[in-house]
Amino acid sequence: MASLVSSKVSRVPLLFKSCSRLMAAVQRNYADMAFTFASPYDVYYKDAKVKQIDVPTFSGNFGILPNHVPTLAVLKPGVVNVFEEDGTNKKFFVSSGSVTINDDSSIQVLAEEAHPLDRLDAAAIREGLSKAHQEVSSASTEAAKAEAQIAVECFEALQKALE
């Protein structure tokens, strides 16, 4: 009898945890996503309601909708698409960072650098890509070559983002 009572008591924390999670879902309404998107220089969204977010990661590009499975991913250089509630689509170039998708449908995208696509200068990007290619070919050490190659990849992603 004591073992039966003991096994029932040990399930109480799990039941309480499940009920707490359900209450959080009721408070937020799981169909809503609270989206935060920031870089060290700007905060673009703070707990904003959005329809969808598309992110570039090293494991592939993917879209985030309400009720997405909790995920942690590393951003690669590319475009983050944000589909807002009013139907507008805003695009941002990110150099790197992380994306966190939580149980409660809150999402955080924290980027090393992020810039709206409409602020990018195509001529400056072409010039930067050309210079980065020159640095790769003239690099005298493996470290310098690796740094220049990273610059090439970033400028190529910028160029692709503007196409």
Side-chain angles (χ1 to χ4, degrees), residues 24-163:
V26 168
Q27 289 173 354
R28 168 151 312 140
N29 181 5
Y30 255 117
D32 294 336
M33 294 190 297
F35 177 51
T36 299
F37 178 31
S39 73
Y41 313 104
D42 288 307
V43 176
Y44 297 102
Y45 294 90
K46 174 86 170 104
D47 291 327
K49 284 186 178 183
V50 296
K51 286 184 180 178
Q52 179 179 338
I53 306 131
D54 296 338
V55 293
T57 69
F58 282 102
S59 55
N61 295 350
F62 66 92
I64 304 165
L65 294 168
N67 226 1
H68 194 284
V69 65
T71 305
L72 179 63
V74 178
L75 295 172
K76 70 175 185 177
V79 176
V80 171
N81 285 304
V82 180
F83 299 90
E84 296 182 347
E85 289 278 311
D86 64 3
T88 59
N89 177 12
K90 294 196 177 168
K91 296 181 179 194
F92 301 85
F93 181 82
V94 295
S95 63
S96 61
S98 65
V99 58
T100 306
I101 306 167
N102 300 303
D103 251 359
D104 63 354
S105 285
S106 63
I107 295 102
Q108 293 81 35
V109 173
L110 305 175
E112 286 290 322
E113 289 186 60
H115 302 283
L117 284 188
D118 59 2
R119 293 187 194 166
L120 299 179
D121 180 4
I125 293 168
R126 281 191 300 275
E127 183 180 321
L129 180 59
S130 175
K131 184 178 176 185
H133 278 298
Q134 290 172 356
E135 289 176 4
V136 167
S137 60
S138 67
S140 58
T141 66
E142 286 300 313
K145 189 172 186 169
E147 286 179 19
Q149 187 59 42
I150 290 169
V152 166
E153 290 171 10
C154 196
F155 278 113
E156 286 175 345
L158 276 164
Q159 197 167 46
K160 183 178 178 186
L162 290 179
E163 292 175 354

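Hydrogens, waters and symmetry mates play no part in the numbers below; they use all other heavy atoms, side chains included.
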[atom1]-[atom2] distance between [X] and [Y], expressed to the nearest 0.5 angstrom:
| X | Y | atom1 | atom2 | value |
| --- | --- | --- | --- | --- |
| C154 | E113 | SG | CD | 7.0 Å |
| F58 | K76 | CZ | NZ | 7.5 Å |
| I101 | F35 | CD1 | CZ | 10.5 Å |
| D47 | K49 | CG | NZ | 11.5 Å |
| M33 | N67 | CE | CG | 10.5 Å |

When you compare the side chain of [Y] with that of [X], does any pair of heavy atoms fall below 4.5 Å?
| X | Y | answer |
| --- | --- | --- |
| F62 | I64 | yes |
| K51 | E85 | yes |
| T36 | I107 | no |
| V74 | S98 | no |
| F93 | P77 | yes |

Practice problem: Decide yes or no on side-chain contact (heavy atoms from CB on, under 4.5 Å) for K90 and Y45, but give the supporting numbers first. | Solution: CA-CA 11 Å; K90 294 196 177 168; Y45 294 90; 3.5 Å; yes

Self-check item: Distance-only donor-acceptor check, side chains Q108 and N102, under 3.5 Å
Solution: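 Side-chain D/A pair, Q108 to N102: present.
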
Practice problem: Provide the closest heavy-atom pair for V80 versus P56 in the form atom of the first, atom of the second, distance. | Solution: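 Heavy atoms only, the tightest pair is CG2-CD, 3.8 Å.
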
Practice problem: Test side-chain contact (heavy atoms from CB on, under 4.5 Å) on I53 and V55 and set out the steps. | Solution: CA-CA 6 Å; I53 306 131; V55 293; 3.8 Å; yes

